[in-house]
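The residues of the chain are indexed from 1 along the displayed sequence.
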Amino acid sequence: MRTQVAIIGAGPAGLLLGQLLHRHGIDNIILERQTGAHVLGRIRAGVIEQVAVDLMDEAGVGARMHRDGLVHDGTQICVDGVRQRIDFKALTGKTVMVYGQTEITRDLMDARAAAGAPTIYEARDVTLHDILGDEPRVTYQAEGKAAEIDCDFIAGCDGFHGISRRSVPAKAIRSYERVYPFGWLGLLSDTPPVSEELIYVRHAQGFALCSMRSPTRSRYYIQCSLAEDVDAWPDDRFWDELKVRLDPQARDRIVTGPSIEKSIAPLRSFVAEPMRVGRLLLAGDASHIVPPTGAKGLNLAASDVRYLSQALLEHYAEKSSAGLEHYSARALARVWKAERFSWWMTMLLHTFPETAFDQKMHRAELDYLFASRAAATAFAENYVGLPF
């Protein structure tokens, strides 16, 4: 087979890139090692910035998002049982939207199927060839047969554990990483959210987050040790621990129920740069991971796709390589700002082994955030999305 862009990975980044390229007449094929059902079963982010909203509209798949998504004008931070609100709209004029990654993936899958654009699921033994040359290609196994795709470019959108970044020569890429000494134990339940806005919690027993996917589906997290076994956390134990960390009003309002998904996710900060090596262009988790505290993972993937789709369109429509040459630097400038914000939120709201001095500094930082309009505005500007 021959295509212009071979996209590795059918998560939101790969699907969004494929849809944008298709709408601009740029041929592309997506390879995904899992089944479509498996991709849809991944429970991931729910808070999206305006850049992601705009790209969904540009891709022609925003209708259901605007109908079912929940617009949030602000967020709440609870410290030792007292809640404070950060008003995004009043401080910045911007908002965020809660719309689950599963729903974004479904919308993009449906649009791609309706357009007849090819996605090859259960592609095994995917291998990238000649990424440093002028004739890159991808080989793989599908339905027990060997296949090959010749292309102009390869877009690596296959996540942290994917083959794309691992195909780059070791000397051509540098990684930066911080692994945090805890994880998030998350529970999804068909219960109404405890609040109309997200509640971030700093408590002596650890961080907690009250989020949602819809008016009838809630997502809750508590900080836990990475040594924990999810099977050691029956639903009742999770709800009891969450309630301890909440303020009295939230504790009284929370509606508990059976979990429909429960898992422990480690937290890490990770960046691999550059994001372009020869004819291979990395995007999303293939190049960077942020702690989920700042709600930046999916939004950074959308940011990458915005830069990358524009660069490829410029290449094919205007015969200019400028966008591709500057893709990595432009994307990474935004990545590192998001990494800083996510690191700051993680350090501020989680429980670490601390000295008495560290505890006082955390308290002073939080007091400054709540008392200073400048600090609250900076927080809000980072949360709703940095300008391009």
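Checking side-chain atoms of Gln223 against main-chain N and O of Phe207 turns up a donor-acceptor pair under 3.5 Å. Side-chain N or O atoms of Lys296 include one that pairs as donor or acceptor with a backbone N or O of Tyr383 at under 3.5 Å. No donor-acceptor distance shorter than 3.5 angstrom exists from the side chain of Asp73 to the backbone of Lys89, with no hydrogens or angles considered. Although no hydrogens or angles enter the test, the distance criterion places no donor-acceptor pair under 3.5 Å between the side chain of Ser303 and the main chain of Asn299. Looking only at distances, no side-chain donor or acceptor of Thr3 sits under 3.5 Å from a matching main-chain atom of Ala6. Under a 3.5 Å cut-off, the side chain of Ser218 and the backbone N or O of Thr191 do form a donor-acceptor pair. Judged purely by atom type and a 3.5 angstrom limit, Asp358 uses its side chain to pair as donor or acceptor with the backbone of Thr355. Under a 3.5 Å cut-off, the side chain of Arg124 and the backbone N or O of Gln141 do not form any donor-acceptor pair. In this structure, Gln34 contributes its side chain and Val39 its backbone to no donor-acceptor pair below 3.5 Å. A donor-acceptor pair is defined here as one N or O able to donate and one able to accept, closer than 3.5 Å; such a pair exists between the side chain of Thr377 and the backbone of Arg373.
Closest non-hydrogen pair, Pro169 versus Leu132, comes out as CG-CD1, 4.1 Å. Closest of all the heavy-atom pairs between Ala10 and Thr119 is CB-CG2, 4.3 Å. In plain terms, the two heavy atoms of Ala380 and Phe88 that are nearest each other are CB-CD2, 3.7 Å. Among all heavy-atom pairs drawn from Ile199 and Cys78, the shortest one is CG2-CB, 4.1 Å. Across all their heavy atoms, Leu308 and Ala155 have their closest contact at CD2-CB, 4.4 Å. Nearest heavy-atom pair across Tyr220 and Val194 is OH-N, 3.3 Å.
Considering only heavy atoms from C-beta on, Val53 stays 4.5 Å or farther from Tyr99 through its side chain. Within the 4.5 Å cutoff, the side chain of Ile222 has no heavy atoms near those of the Gln205 side chain. Taking the side chain as every heavy atom from C-beta outward, Met1 and Ile120 approach each other to under 4.5 Å. The shortest side-chain heavy-atom distance between Phe352 and Met347 falls under the 4.5 Å cut-off. Side-chain contact check for Asp80 versus Arg363: some heavy-atom pair is nearer than 4.5 Å. In this structure, the side chains of Tyr200 and Ile86 stay at 4.5 Å or more apart for every pair of heavy atoms. Here the side chains of Asp107 and Gln19 are not in contact, with every heavy-atom distance at 4.5 Å or above. Contact annotation: the side chain of Leu128 approaches that of Ser164 to within less than 4.5 Å [non-hydrogen atoms, C-beta and beyond].
A distance of 7.0 Å separates CG of Leu313 from CD of Glu318, quoted to the nearest 0.5 Å. With values rounded to the nearest 0.5 angstrom, Ile48 atom CD1 is found 6.5 Å from Met56 atom CE. Leu16 contributes atom CG, which lies 8.5 Å from atom CD of Glu58 (distance to the nearest 0.5 angstrom). Atom-to-atom distance recorded for Glu103:CD and Leu40:CG is 8.5 Å, nearest 0.5 angstrom. Note that CD of Glu339 is 8.5 Å distant from CD1 of Ile289, once rounded to the nearest 0.5 Å. In this structure, NE2 on His362 lies 8.0 Å from CG on Leu349, to the nearest 0.5 angstrom.
Within 6.0 Å of atom CD in Glu135, 12 or fewer heavy atoms from other residues, nucleotides or ligands are found, so the atom counts as exposed in its surroundings. Around the CD atom of Glu143, the shell of radius 6.0 Å holds no more than 12 heavy atoms that belong to other residues, nucleotides or ligands. Atom CZ of Arg33 has 12 or fewer neighbouring heavy atoms from other residues, nucleotides or ligands inside a 6.0 Å radius. Remark: Glu196 CD is loosely packed, at most 12 non-hydrogen atoms of other residues, nucleotides or ligands lying under 6.0 Å away. Heavy atoms of other residues, nucleotides or ligands lying less than 6.0 angstrom from CH2 of Trp233 number more than 12. Residue-environment remark: CG (Asp229) exceeds the threshold of 12 foreign heavy atoms within 6.0 Å. The number of heavy-atom neighbours closer than 6.0 Å to CZ of Arg237, taken from other residues, nucleotides and ligands shown, is above 12.
Neither side chain, Glu381 nor Thr92, offers a donor N or O lying under 3.5 Å from an acceptor on the other. Between the side chains of Asn28 and Arg112, at least one donor-acceptor pair of N or O atoms lies under 3.5 Å.
When each of Ile131, Ile7, Ile154, Leu324 is tested with Leu281 by the rule side-chain contact (heavy atoms from CB on, under 4.5 Å), just one qualifies, namely Leu324. Shown are Val138, Ile8, Val5, Ile149; of these, the side-chain contact (heavy atoms from CB on, under 4.5 Å) with Ile29 is made only by Ile149.
Put simply, Val98 and Leu300 are part of two different groups of oily side chains (I, L, V, M, F, W, Y) that touch within less than 4.5 Å, one to the next. Trp343 and Val271 are not part of a single hydrophobic cluster, where members link through side-chain heavy atoms under 4.5 Å apart. Under a hydrophobic clustering in which Ile, Leu, Val, Met, Phe, Trp and Tyr are joined whenever their side-chain heavy atoms come within less than 4.5 Å, directly or via other members, Leu348 and Val290 fall into different clusters. Residue Leu187 is not grouped with residue Phe182 when hydrophobic side chains (ILVMFWY) are merged at heavy-atom distances under 4.5 angstrom, including chains of intermediate members. One hydrophobic cluster, built from ILVMFWY side chains closer than 4.5 Å, holds both Tyr221 and Val79.
Annotation: ring-ring contact (aromatic ring centres under 6.0 Å, His included) contacts involving residues 139-172, sequence neighbours excluded, comprise Phe153-His315, Phe160-Phe270.
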Run the numbers on Glu49 and Arg306 for salt bridge (Lys or Arg N to Asp or Glu O under 4.0 Å), then give the verdict.
CA-CA 13 Å; Glu49 301 170 5; Arg306 181 179 188 267; over 6 Å; no

Evaluate side-chain contact (heavy atoms from CB on, under 4.5 Å) for Leu17 paired with Asp304, printing each intermediate quantity in order.
CA-CA 9 Å; Leu17 177 61; Asp304 294 345; over 6 Å; no

Start with the C-alpha gap between Ser189 and Phe238, add the side-chain angles, then the distance that decides, and say whether side-chain contact (heavy atoms from CB on, under 4.5 Å) holds.
CA-CA 12 Å; Ser189 62; Phe238 179 93; over 6 Å; no

Would you check, one step at a time, whether the test side-chain contact (heavy atoms from CB on, under 4.5 Å) holds for Arg219 with Glu261?
CA-CA 9 Å; Arg219 183 72 166 165; Glu261 193 272 343; 2.6 Å; yes

For a side-chain contact (heavy atoms from CB on, under 4.5 Å) check, start with the C-alpha distance between Thr293 and Leu267, then their side-chain angles and the critical distance, and finish with the verdict.
CA-CA 9 Å; Thr293 327; Leu267 271 66; 4.2 Å; yes

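Using a 4.0 Å cut-off between a side-chain N of Lys or Arg and a carboxylate O of Asp or Glu, Lys262 and Asp235 qualify as a salt bridge. Comment: Asp252 does not engage Lys243 in a salt bridge, judged by the lack of any side-chain N to carboxylate O separation of less than 4.0 angstrom. In summary, Glu365 and Arg202 do not engage in a salt bridge, as defined by a charged side-chain N under 4.0 Å from a carboxylate O.
Note: Tyr176 and Trp336 have perpendicular aromatic rings, judged against thresholds of 30 and 60 degrees for the angle between ring planes. Between Trp184 and His350, the ring-plane angle classifies as parallel under the 30° and 60° cut-offs.
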